[in-house]
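Just below is one structure, and these are the notes that go with it.
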Amino acid sequence: MVDDSFWTVAGVSKLLDYEGSTKVTVPNRLFEDQSILTKGRDIQWYINGVTDTVVVSRNDLTDDEYVFVGSTSFADNDNSRTTVPAKLFKDYEGRGSHNVKPEKLKSMDWERNGWIYFIYHSGMDEGQKQSCYAFRQSEFDQRFSDDVLDGVPRFS
């Protein structure tokens, strides 16, 4: 387990199926309390090549450690949901992209009916690399204990 004192769990969101696409509610802490994401500005989805985890940001992360997966709309309205790129799910049948090989995407192994834990550590909420991890349940369980979820909002 990692030292939880440097981590903030912004929220936990259930993945929801909407007419063939999968959506997730973005926790308010990411766009109201912090400016990691911004309503009205696309969300950029990356794989951190060092940790093999998904990262979301409003910025273009150009370092070699980040591999771009896709961009999704984050509307400037009362709805705080966004679509999750289909490439992240283990049942994705399409091709990779010029940056992401299909084998790499298969290792993400996201389930369409799982939970996503939006978590950032100190320093991730500042500068050009403002971003947040989007951990699956199994990734969360490997790194954290449930006591970090006290008072954390859940969305479904």
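Owing to the predicted nature of the structure, the values given are computational and were not obtained by experimental measurement.
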If I compare all heavy atoms of Val9 with all of Arg29, which pair ends up nearest, and what's the gap? O-NH1, 2.8 Å

Report yes if the side chains of Asp60 and Tyr46 come closer than 4.5 Å at any heavy-atom pair, otherwise no. yes

Could you grab the distance from atom OG of Ser57 to atom CD1 of Ile43, nearest 0.5 Å is fine? 9.5 Å

Taking the side chain as every heavy atom from C-beta outward, state whether Leu61 and Ser131 have any pair of such atoms under 4.5 Å apart. yes

Of all residues at least two apart in sequence or in a different chain, which pass the ring pair (Phe, Tyr, Trp, His ring centres under 6.0 Å) check with Tyr120? none

Donor-acceptor pair, distance only, cut-off 3.5 Å: does the side chain of Asn48 make one with the backbone of Thr51? yes

Is there a donor-acceptor pair under 3.5 Å between the side chain of Lys23 and the backbone N or O of Val84? no

For His121 against Trp7, the heavy-atom pair lying closest together: CD2-CH2, 3.6 Å

Close side-chain approach of Val69 and Gln44, heavy atoms under 4.5 Å: no

Pro27 to Gly11 - nearest heavy-atom pair and separation: CG-CA, 3.7 Å

Of all the heavy-atom pairs spanning Tyr18 and Arg81, show the shortest one and how long it is. OH-NH1, 2.7 Å

Any side-chain heavy atom of Phe89 sitting closer than 4.5 Å to one from Thr22? yes

Pair Phe68, Ile47 - check side-chain contact (heavy atoms from CB on, under 4.5 Å), show working. CA-CA 7 Å; Phe68 181 70; Ile47 295 173; over 6 Å; no

Side-chain heavy atoms of Lys39 within contact of Ser80, under 4.5 Å: yes

Any chance the side chains of Thr72 and Thr82 put a donor and an acceptor closer than 3.5 Å? yes

Euclidean distance, Asp76 CG relative to Arg41 CZ, rounded to 0.5 Å: 12.5 Å

Show the numbers, then the answer: is there a side-chain contact (heavy atoms from CB on, under 4.5 Å) between Thr53 and Arg143? CA-CA 12 Å; Thr53 54; Arg143 291 172 171 86; 3.5 Å; yes

Any residue meeting ring pair (Phe, Tyr, Trp, His ring centres under 6.0 Å) with Phe135, in chain and number order, not counting sequence neighbours: Tyr133

Any donor-acceptor pair under 3.5 Å linking the side-chain atoms of Ser71 with those of Trp45? no

How close do Leu88 and Trp110 get, counting heavy atoms only, and between which atoms? O-CB, 3.3 Å

Would you say Asn77 has more than 12 foreign heavy atoms packed within less than 6.0 Å of its CG? yes

Candidate pair Ser13 and Phe118, rule side-chain contact (heavy atoms from CB on, under 4.5 Å), full reasoning: CA-CA 8 Å; Ser13 296; Phe118 290 96; 3.9 Å; yes

Once ring pair (Phe, Tyr, Trp, His ring centres under 6.0 Å) is applied, do any residues pair with Tyr117, and if so which ones, sequence neighbours excluded? Phe140

Please tell me if the side chains of Arg136 and Leu15 come closer than 4.5 Å, counting only heavy atoms from C-beta onward. no

Dump the intermediate steps for side-chain contact (heavy atoms from CB on, under 4.5 Å) on Val24 and Lys14, then the final yes or no. CA-CA 6 Å; Val24 67; Lys14 178 84 172 145; over 6 Å; no

With heavy-atom distances below 4.5 Å as the criterion, would you say the side chains of Phe31 and Val26 are in contact? yes

Using only heavy-atom distances, determine whether the side chains of Arg58 and Gln130 contain a donor-acceptor pair under 3.5 Å. yes

Heavy-atom nearest pair, Ala10 first then Leu30, reads CB-CD2, 3.6 Å

When you compare the side chain of Asp33 with that of Asn28, does any pair of heavy atoms fall below 4.5 Å? no

